Amino acid sequence: MTAVTFRRGSTLADPSCLTDLVTERPKPGLHDLLVAVHAVSVNPVDTKIRAGMVAAPDTVRCLGWDAAGVVEGVGEAVTLFRPGQKVYYAGSFDRNGSNAQFQLVDERIVGHMPRTLSFAEAAALPLTSLTAWQLLFERLGVSPGKPADAGSLLVLGGAGGVGSMLIQIARRLTGLTVVATASRASSRDWCLALGAHHVIDHRLPLPAQISALPVPPISHIAALSHTAEHLHELANLIAPQGRLAIITDHDTLDAAPFKAKSVSLHWEMVFTRPLFGTPDMIAQHRILDEVAELVDAGVLRSTVNRVLYPLDAARLCAAHRLVENGGIAGKVVVARSANDRGQPAQEAGQ
């Protein structure tokens, strides 16, 4: 089979940063699916691991933690899927990723792909949907439903991959007033189109902008980017006994400003369940299946923005460059062929 390997600590100027390779097709373990990968999306974690900013186990030779494809084979203990079914998933941080023709993934973290989406459209969803869902309903403790006193959710970095899903889920499934931040007109429009009630500019002081809005107190905050730069503003904004959830990486984080308000602090790491083999690991399968149902019902939509093809080192390198340069709302996807790419909001060069 073909696969794209990466060189640790490499920049995109290095011609060997991502390399096409022919290797053996892996064999599924007891709970594994062997998936023929049709499309992948590139997340910031891919670029950070390649650049040496985040460490992955030495056994990981392929990047890619978002995929959509078709089940090719199953392990002896698999009960949730059968060959020929379309699936989508984020995978696990400690196993080879989806930048390959075939990939092994534990069935308990895989969902049935939305019927109404192309492979490229579906590949944009798993990692960000899981992160947003777990952050909102598990870490922040929000309950589905629309009570009148739900409060407000501030999404710091609303136009990114996780923010794009979090805005939709919070607006459609909860009664929270959703306030997103964005710094460009296009990003502002993107957040509003996804369902944000209000969008403010994170380049400007946040408290003054929030105070000018007719919104309930900020009871929940999802800090998805540049958390350290805004930490003291967030402490000022959040309501007493509010909840703050973070996904950004920090060597140190001063939580002392939140003590007086008895604010609870939560960290969301989407790979925790598969990394530690938690007893509730199958929750990710259930979440992805529920997201797929919501997509097929027209409640949620894919956040794919750019699609490149075919799925090889050159196109993945181009996708890494787009992600590293920033400024793109939603997700960048690489599809195996033109037939897999669907109809994204914009098309990247082929």
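Everything quoted here is computed from the prediction, not taken from an experiment. We count residues from 1, following the sequence as given.
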Atom [atom1] of [X] with >12 non-hydrogen neighbours under 6.0 angstrom:
{"X": "Met53", "atom1": "CE", "value": "no"}
{"X": "Arg115", "atom1": "CZ", "value": "no"}
{"X": "Arg172", "atom1": "CZ", "value": "yes"}
{"X": "Arg8", "atom1": "CZ", "value": "yes"}

If the plane angle is over 60° it's perpendicular, under 30° parallel, otherwise tilted; pick one for Phe93 and Trp65.
tilted
How close do [X] and [Y] get, heavy atom to heavy atom, and via which atoms?
{"X": "Gly97", "Y": "Gln103", "result": "C-NE2, 3.3 Å"}
{"X": "Val199", "Y": "Cys191", "result": "CG2-CB, 3.7 Å"}
{"X": "Arg61", "Y": "Phe6", "result": "O-CD2, 3.1 Å"}

For Arg95, all residues meeting side-chain hydrogen bond (donor to acceptor under 3.5 Å, both in side chains), sequence neighbours excluded
Asp32
Taken to the nearest 0.5 Å, the spacing of Asp66 CG from Ser98 OG works out to 7.0 Å
Rounded distance [0.5 Å steps], OG1 in Thr174 versus CG in Leu136:
6.0 Å
What residue among Arg286, Arg273, Arg108 forms salt bridge (charged side-chain N to carboxylate O under 4.0 Å, His left out) with Asp280?
Arg273
Quick one: do Leu253 and Ile246 satisfy side-chain contact (heavy atoms from CB on, under 4.5 Å)? Show the steps, please.
CA-CA 11 Å; Leu253 184 72; Ile246 297 171; 3.5 Å; yes
Please determine whether a side-chain nitrogen of the Lys or Arg among Arg315 and Asp312 lies less than 4.0 Å from a carboxylate oxygen of the Asp or Glu.
yes
Do side-chain atoms of Lys331 reach the backbone of Leu125 as a donor and acceptor pair under 3.5 angstrom?
no
Between Ser164 (side chain only) and Ala159 (backbone N and O only), is there a donor and an acceptor less than 3.5 Å apart?
yes
Taking side chain to side chain contact (heavy atoms under 4.5 Å, CB included) as the definition, give me every residue that meets it alongside Leu237, ordered by chain and number, with sequence neighbours left out.
Leu154, Leu206, Pro207, Ile210
Hydrophobic clustering (ILVMFWY, side-chain heavy atoms < 4.5 Å, transitive) - are Tyr89 and Ile109 grouped together?
yes
